[in-house]
Amino acid sequence: METRDQALAKIQNFEGKYPKQLWYLFFSEMWERFSFYGMRGMLTFFMVHQLMMKEDVANLQYGATQAFVYAFTFIGGFFADKILGFRKSLFWGGILMIVGSIILAIDPHQYFFLGISFTVIGTGFFKPNISTMVGQLYKDGDARTDAGFSLFYSGINIGALLGGYACVAIGKGYSWNLAFGLAAVVMSISLLTFLFTRKYMGPIGLQPETITANKKWYEYVTYLGSLIAIPLIMAMVSKPAYTDWFMYIIGPVALVYILIEILKLKLKAEREKMYAALIFIVFSIFFWAFFEQSGGSLSLFAADHLNSSLLGIFKLDPNGVNNSSNSFFVILFSPIIGLIWIWLNKRKIEPNTVNKFGLGFLFLGASFVILYLCKFTANAKAIASLDVFTLAYFVMTLGELCLSPIGLSIMTKLSPKHLQGVMMGMWFLASAYGQYVAGILGAGIAQASDHASPAQKLETYTSGYLQLGYFALAAGVVLIAISFIVKKLMHEVR
Ligand code: GLN
């Protein structure tokens, strides 16, 4: 009989650039993101036009759901490590997401928050754990890991792009029930893809042996507990004030928990690697806080201050460009950048993760400076060039590609096996805080320009972006300056 280790070695000793299992996870995640971004794309519009919420209330509500979704990844990662293993977590999370969208498909008006709550907790179980499984396809030190995550990341964005378009279009044009129903169908495809391909995963993602042996009831309590939590989540998601409280509490609790786990680690090297991971996580909060302006202030900027000509050839809705150019550039460039990492590695000049992160911030900073430059292209009505705006998105996406897939990858490389799920959860928890701060920053920029003339508004937006640009550039410089400390903490991990 083949042991678990032998089966794992067989997977990890793959030839070529990508293991075949990566493609299975790629498609499951692609469909999951279709469903997720499909739902997310409908939320604000649905709340304003169907639930008749005021715009600012709907915006706050949207921010609250996003923060919740990503905050629950910490809990999902925790239960995966301790009790369920990654496969069962994915299965359970997928089921909850399907149930959530079916509830919304049946009556989105009446059961809105109930459906959303199922999705929140389902995503918590699904999203971090599928990413961790990608990391486990690779042996420690395999230089192809980052390229694998980059490919996986384009799958994420193919789903995001398609779902983001399809669902809201169907909702507006035909029926909301059908649109939410589509999210359910697509999530079922994701889950089926996973179920049919999991046999190729060897021992990856199996339940911890201690639980399988004599603590099966832990598993059932986890399922039951997550169902019992739903009314609680419903109460919290539906009142943004509760979300604030939740956000104040979950981060510090998560951090204390991780610190306790770190202190329990026997080897100094293991502890130091975890500190390095925490440094990456903290920086990523800033990254997402700036990056996520896309859903908030940048969409208002696009609506009011951009013309609709791209390269003098295409006529495009500037908000469409705002919503989709990022995914478009990711899909195109993510695999290419992955291959560039492999190419650089062969020549022994691949930047270390800290420097990739630093580079990510430099690109992010440059993109906000380009957004600032938009103002010099404005006409008398304060309408600026869509070309320059799109260029900014291109540069911002390069930044994202140096940070986001690399962040997923480094979480799996720096954490010991038994903490990989929860650390991936921490990585996404940072996104939750990023979204949260993004809302505050964006509201600040938007409010400052209330009751102003178009020219003054343009001025306020662009100078706000210039400030963000400077901060991002400074963060990049700091990261590169402290890279020698972080590298030391990372030991042999690149
Ligand atoms: N767009 C990526 C995804 O959906 C990253 C999300 C994040 O970390 N905030 O997976």
Side-chain angles (χ1 to χ4, degrees), residues 35-72 100-101 103-105 107-120 123 160 163-180 182-183 233-247 288-289 291-304 317-320 322-324 431-451 457 461:
S35 168
F36 177 87
Y37 281 98
M39 291 265 243
R40 161 170 151 156
M42 291 188 275
L43 288 184
T44 310
F45 189 91
F46 187 83
M47 285 189 279
V48 172
H49 295 276
Q50 297 289 315
L51 301 179
M52 300 305 164
M53 290 184 186
K54 291 219 315 247
E55 257 183 50
D56 52 341
V57 178
N59 267 316
L60 263 179
Q61 189 61 66
Y62 167 81
T65 30
Q66 287 311 296
F68 255 94
V69 165
Y70 280 110
F72 264 82
S101 359
I103 291 175
L104 288 166
D107 189 342
H109 296 86
Q110 190 167 352
Y111 301 127
F112 187 70
F113 285 108
L114 180 66
I116 297 291
S117 307
F118 269 91
T119 312
V120 164
T123 312
Y165 259 98
C167 288
V168 78
I170 293 175
K172 281 185 192 171
Y174 302 96
S175 116
W176 292 101
N177 305 67
L178 202 65
F180 286 109
L182 177 65
I233 298 174
M234 219 171 119
M236 287 195 290
V237 179
S238 56
K239 291 232 175 10
Y242 292 156
T243 310
D244 290 338
W245 279 107
F246 180 74
M247 292 303 286
W288 295 115
F291 181 89
E292 291 289 346
Q293 289 308 311
S294 57
S297 77
L298 277 173
S299 76
L300 299 175
F301 179 79
D304 293 340
D317 166 29
N319 278 94
N322 180 60
N323 293 345
S324 58
S431 284
Y433 280 92
Q435 305 255 4
Y436 188 71
V437 178
I440 299 171
L441 285 178
I445 297 180
Q447 254 162 25
S449 65
D450 245 6
H451 309 299
K457 262 175 128 172
Y461 273 105

Practice task
Using the salt bridge (charged side-chain N to carboxylate O under 4.0 Å, His left out) rule, collect all pairs that involve residues 35-44, keeping only residues at least two apart or in two chains.
Solution key: Arg40-Glu292
Problem - Closest non-hydrogen atom pair between Ala67 and Thr243, with its separation - result: CB-CG2, 4.5 Å
Problem - Side-chain (Tyr62) to main-chain (Phe45) donor-acceptor, under 3.5 angstrom - result: no
Handout entry: Under 3.5 Å: donor-acceptor pair, side chain of Gln61, backbone of Thr44
Key = no
Handout entry: Beyond-backbone contact of Thr123 with Phe68, side-chain heavy atoms, under 4.5 angstrom
Key = no
Handout entry: For Asp304, all residues meeting salt bridge (Lys or Arg N to Asp or Glu O under 4.0 Å), sequence neighbours excluded
Key = Lys457
Handout entry: Ring centroid separation Phe180 to Phe46 under 6.0 Å
Key = yes
Exercise for the section: For this output row, return yes or no: ring centroids of Trp245 and Tyr242 closer than 6.0 angstrom. Expected result: no
Handout entry: side chain to side chain contact (heavy atoms under 4.5 Å, CB included) assessment of Asp244 paired with Tyr436
Key = CA-CA 9 Å; Asp244 290 338; Tyr436 188 71; 2.7 Å; yes
Problem - Parallel, tilted or perpendicular: ring planes of Phe36 versus Tyr70, cut at 30 and 60 degrees - result: perpendicular
Exercise for the section: Might you confirm whether atom OH of Tyr433 has over 12 heavy atoms from other residues, nucleotides or ligands at distances under 6.0 Å? Expected result: yes
Problem - Value rounded to 0.5 Å, distance of CD1 in Ile103 from CZ in Phe112 - result: 13.0 Å
